[in-house]
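Okay, structure first, notes after.
What's counted below: heavy atoms across the whole structure, side chains too, no hydrogens, waters or symmetry copies. Note that this is a predicted model, so its numbers are computed, not measured. Residue numbers start at 1 and run along the sequence shown. Each ligand, and each atom within it, is numbered from 1 in the order the structure gives.
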Amino acid sequence: MLKIVVCVSGGGTNLQAILDAAEQGRITGTEIIAVISNNIKARALERAASHKIPGIVISPKNYPDRETFNEAFAAKMRELAPDLVVLAGFLVRIPPQMVADFSNRIVNIHPSLIPSFCGVGYYGLKVHEKVLERGVKVTGATVHFVNEGMDEGPIIAQKAVYVEENDTPEILQRRVMEQAEWILLPKAIDDIANGRIAVVEDKVVVRQRGDR
Ligand code: GAR
């Protein structure tokens, strides 16, 4: 069983997609041992509670400075000792120590086709606002491993989604979730849990049958 901690900040529809996929057998060999949120009001925490998954709130707001928060957050993750950390709409930067502790064991879902529309200032609805401002015709979502950069780690999977005329940021966000995020993230978790992917020279490769 691959032990997973999911980190969330808001609605938690990606967490819900993971829970549904596990229930329906599209993710196998995993157990979510905790859901961590920086936001006590996150709807995602209710979703965790209704599945009897412990919810933990840890927010930079409750610490005197970012360094102290980072230390506490990294220590909590070491204590939980998951095999995989899933950032499912988690809008807090991961402490460098945690990235080092969990090298190639933290995955993030980002609502664009990286390296477009990512990095500092690109999160949640803002990504879709910028996509519409720029007028691109195709966007999408990316699942990647987290490294010390911002949205820069090895890419696991991507899916393209068309931008349509008259899209608002909210309509586009919903389409990207439905057509890409809620499919890609559960699939990536299942691939990791079942040993189907590996990181070789900073790139994700699909393991063939018989590979070690
Ligand atoms: C999702 O669209 C996710 O890709 C995005 O936040 C949203 C959370 O929605 N994450 C980022 O922007 C990370 N840079 P959810 O809480 O309903 O899953």
Side-chain angles (χ1 to χ4, degrees), residues 4-22 27 32 34-51 53 55-60 73 84-95 98-99 106-134 136 138-163 167-189:
I4 298 178
V5 168
V6 183
C7 299
V8 294
S9 294
T13 64
N14 277 287
L15 169 64
Q16 191 65 52
I18 297 167
L19 294 168
D20 292 347
I27 298 178
I32 300 180
V35 169
I36 293 182
S37 178
N38 61 308
N39 170 12
I40 195 163
K41 297 200 187 108
R43 163 103 173 81
L45 286 173
E46 293 168 28
R47 297 181 197 267
S50 68
H51 280 75
I53 299 167
I56 298 165
V57 176
I58 181 160
S59 165
F73 188 18
L84 182 70
V85 178
V86 176
L87 310 182
F90 188 60
L91 307 183
V92 175
R93 184 134 195 197
I94 297 301
M98 198 191 296
V99 175
I106 306 176
V107 297
N108 179 47
I109 178 96
H110 183 78
S112 77
L113 293 175
I114 289 175
S116 287
F117 303 102
C118 62
V120 177
Y122 287 86
Y123 57 89
L125 206 57
K126 286 191 194 299
V127 175
H128 307 291
E129 285 167 6
K130 306 233 182 184
V131 161
L132 293 177
E133 258 168 50
R134 185 61 186 86
V136 296
V138 179
T139 182
T142 303
V143 183
H144 64 94
F145 284 111
V146 172
N147 67 6
E148 47 302 320
M150 187 83 166
D151 299 330
E152 286 177 6
I155 290 172
I156 300 169
Q158 295 188 296
K159 192 162 187 289
V161 174
Y162 285 113
V163 179
D167 269 351
T168 63
E170 290 80 7
I171 290 172
L172 182 58
Q173 178 181 52
R174 181 80 191 180
R175 187 178 315 113
V176 169
M177 284 174 161
E178 282 176 359
Q179 295 185 7
E181 297 187 41
W182 301 340
I183 300 163
L184 286 185
L185 187 57
K187 166 91 169 51
I189 293 170

**OP:** Start with the C-alpha distance between Ile156 and Leu184, add both sets of side-chain angles, then the distance that settles side chain to side chain contact (heavy atoms under 4.5 Å, CB included), and finish with yes or no.
**Re:** CA-CA 9 Å; Ile156 300 169; Leu184 286 185; over 6 Å; no

**OP:** Please say whether Gly10 places an N or O atom under 3.5 Å from an N or O atom belonging to ligand 1.
**Re:** no

Original post:
Per the side-chain hydrogen bond (donor to acceptor under 3.5 Å, both in side chains) rule, which among Lys159, Glu181, Gln158 passes with Thr142?
Top reply: Gln158

**OP:** May I have the step-by-step check of side chain to side chain contact (heavy atoms under 4.5 Å, CB included) for Ile94 and Phe73, ending in yes or no?
**Re:** CA-CA 9 Å; Ile94 297 301; Phe73 188 18; 4.2 Å; yes

**OP:** For Gly124, take its heavy atoms, then give the atoms of ligand 1 lying under 4.0 Å from any of them.
**Re:** 11 (C), 12 (O)

Original post:
What residue and heavy atom of the protein are closest to atom 17 (O) of ligand 1, and at what distance?
Top reply: Thr13 OG1, 2.6 Å

Original post:
Is any side-chain heavy atom of Leu91 closer than 4.5 Å to a side-chain heavy atom of Asn39?
Top reply: no

Pairs of donor and acceptor atoms involving the side chains of residues 40-51, under 3.5 Å and at least two apart or interchain, shall be tabulated with distances.
| residue | atom | partner | partner atom | Å |
| --- | --- | --- | --- | --- |
| Arg47 | NE | Gly11 | O | 2.8 |
| Arg47 | NE | Gly12 | O | 3.2 |
| Arg47 | NH1 | Gln16 | OE1 | 3.1 |
| Arg47 | NH2 | Gly11 | O | 3.2 |
| Ser50 | OG | Glu46 | O | 3.4 |
| Ser50 | OG | Arg47 | O | 3.0 |
| His51 | ND1 | Arg47 | O | 3.2 |
| His51 | NE2 | Glu23 | OE2 | 3.1 |

**OP:** Can you sort out which atoms of ligand 1 are near Gly89, meaning under 4.0 Å from one of its heavy atoms?
**Re:** 6 (O), 8 (C), 10 (N)

Subject >> Option of least heavy-atom distance to atom 13 (C) of ligand 1 (set: Ile109, Val143, Asn14) >> reply: Ile109

**OP:** Carefully, step by step, assess Trp182 and Asn14 under the rule side chain to side chain contact (heavy atoms under 4.5 Å, CB included).
**Re:** CA-CA 6 Å; Trp182 301 340; Asn14 277 287; 3.5 Å; yes

Subject >> Proximity winner for atom 9 (O) of ligand 1, if only heavy atoms of Met177, Arg43, Glu181 are counted >> reply: Met177

Subject >> Taking atom 14 (N) of ligand 1 as the reference point, the nearest protein heavy atom with its distance >> reply: His110 ND1, 3.2 Å

Subject >> Nearest protein heavy atom with distance in Å, relative to atom 11 (C) of ligand 1 >> reply: Pro111 CD, 3.6 Å

**OP:** Examine ligand 1 and decide if any of its atoms is less than 4.0 Å from a heavy atom belonging to Ala44.
**Re:** no

Original post:
Can you check whether Leu15 has an N/O within less than 3.5 Å of an N/O in ligand 1?
Top reply: no

Subject >> Donor-acceptor contact present, side-chain Thr139 to main-chain Val161, <3.5 Å >> reply: no

Original post:
Can Phe117 and Val136 be said to form a side chain to side chain contact (heavy atoms under 4.5 Å, CB included), step by step?
Top reply: CA-CA 11 Å; Phe117 303 102; Val136 296; 4.0 Å; yes

Original post:
How far is atom 16 (O) of ligand 1 from its nearest protein heavy atom, and which residue and atom name does that atom have?
Top reply: Gly12 N, 2.7 Å

